[in-house]
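If you read the sequence from its start, that first residue is 1, and numbering goes on from there. In each ligand, atom 1 is the first atom listed, and ligand 1 is the first ligand listed.
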Amino acid sequence: MIYSTPPPGLERAPRASLVQLRSFEAVVRLGGVGRAARALHLAQPTVSTQIKELAAVLDLVLFEPQGRGLAPTAVGERLAMAVREMGVAWQGFEDDAAALQGLRRGRLRIAAVTTTEYFLPDLLGPFARQYPGIQIELAVENRDAVVARLERGDDELAAMMLPPSHLPLSRWPFLENPLVVIAPAAHPLARRRRLKLVELTGEPLLSREAGSGTRAAAEQAFAAQGIEWLPRMALGSNEAVKHAVRAGLGLAVLSRHTLAPDPATEGLAVLSVAGFPLRRQWHLVWRQDRTLSLPARTLLDDLRTRLQVRARPRA
Ligand code: PGA
């Protein structure tokens, strides 16, 4: 909210001090000057004086006799309520201030499977720009190495397609990961439609290294159709696989995200194979038995907001 004039109530500088107001509220709440003084660690005459001065500067009668003691007047009750509301507003400020401090400096460790390196830096961009004091460490490894990092608790968050079931993990599926079969652009199969997977078995297959989630997903898809997965060559990165396919060494299954929007510009073609693309998802996961830091929670909120906005259909 933007004020062009002071908010009502602050226009006239309040003549009551916060210390007086705090003592007054304690007297009303605890039902006596003595009890309020003890709770506030002040001498009883000090509290009495504060209350008298408060009544004088406000020009209000705050207490009236009741039985052998004193009770707040109606306006006294109303003042006590106003002081409590001020307390709540102040607490809100202190909470926000602590949160903002927590995001000024710090470190956020994230593990990510290799395929996410094609887009994860872009997704982290707005958060990184908003919180320049948070140092982000992004460890990019294959699926098995990311699982090992999760077991050790090296990172707060991990991005992966196949979260392990033996760890207590919360997961949020945040992006689709379509897996496609690729061939050199000039390959004869590139002109065919709706190839059967079994028709590919005459071709040499290239694969990511053991431990790769992409490889595991491809292996499962082949096994589901009773086809043995017998790669002729294993290569340790998505780019190495693409180069080898382009060089005519074989076909491969890779995430669509590893390819240019038009794969032909890279000398590659996405084959039309029944059952493909394999519709998989990437998840952000974190351990349920650890408490997420403020930077990690803030990043999750930030991604949730932005990815949901992006996913919203246009009107
Ligand atoms: P990876 O990635 O092949 O680099 O292990 C798999 C995944 O997307 O989880």
For Phe276, which of Leu271, Leu195, Val181 qualifies under side chain to side chain contact (heavy atoms under 4.5 Å, CB included)?
-> Val181
Residues in salt bridge (charged side-chain N to carboxylate O under 4.0 Å, His left out) contact with Arg38, at least two apart in sequence or another chain | none
For side-chain hydrogen bond (donor to acceptor under 3.5 Å, both in side chains), just list the numbers for Arg208 and Asn142, CA-CA rounded to whole Å, side-chain angles, deciding distance to a tenth of an Å, and then say yes or no.
-> CA-CA 10 Å; Arg208 284 281 308 280; Asn142 73 16; over 6 Å; no
In residues 247-259, what donor-acceptor pairs under 3.5 Å come from side-chain atoms, sequence neighbours left out?
residue : atom : partner : partner atom : Å
Ser255  : OG   : Asn177  : OD1          : 2.7
Ser255  : OG   : His257  : N            : 3.0
Arg256  : NH1  : Ala260  : O            : 3.1
Arg256  : NH2  : Pro261  : O            : 2.8
His257  : NE2  : Glu176  : O            : 3.0
Thr258  : OG1  : Ser255  : O            : 2.8

Applying side-chain hydrogen bond (donor to acceptor under 3.5 Å, both in side chains) to Asp301 and not counting sequence neighbours gives none
Dump all N/O pairs between ligand 1 and the protein below 3.5 Å as a table: atom names plus distance, one pair per row.
residue  : atom  : partner : partner atom : Å
ligand 1 : 3 (O) : Arg208  : NH1          : 3.1
ligand 1 : 3 (O) : Ser212  : OG           : 2.8
ligand 1 : 3 (O) : Gly213  : N            : 3.3
ligand 1 : 3 (O) : Thr214  : N            : 2.9
ligand 1 : 3 (O) : Thr214  : OG1          : 2.6
ligand 1 : 4 (O) : Thr114  : N            : 3.2
ligand 1 : 4 (O) : Thr114  : OG1          : 2.3
ligand 1 : 4 (O) : Arg208  : NH1          : 3.2
ligand 1 : 4 (O) : Arg208  : NH2          : 3.0
ligand 1 : 5 (O) : Arg143  : N            : 2.8
ligand 1 : 5 (O) : Gly213  : N            : 2.7
ligand 1 : 8 (O) : Trp282  : NE1          : 2.7
ligand 1 : 9 (O) : Met161  : N            : 2.7

Just by modelled atom types, is the Val57 backbone N or O under 3.5 Å from a matching donor or acceptor in the Arg15 side chain?
-> yes
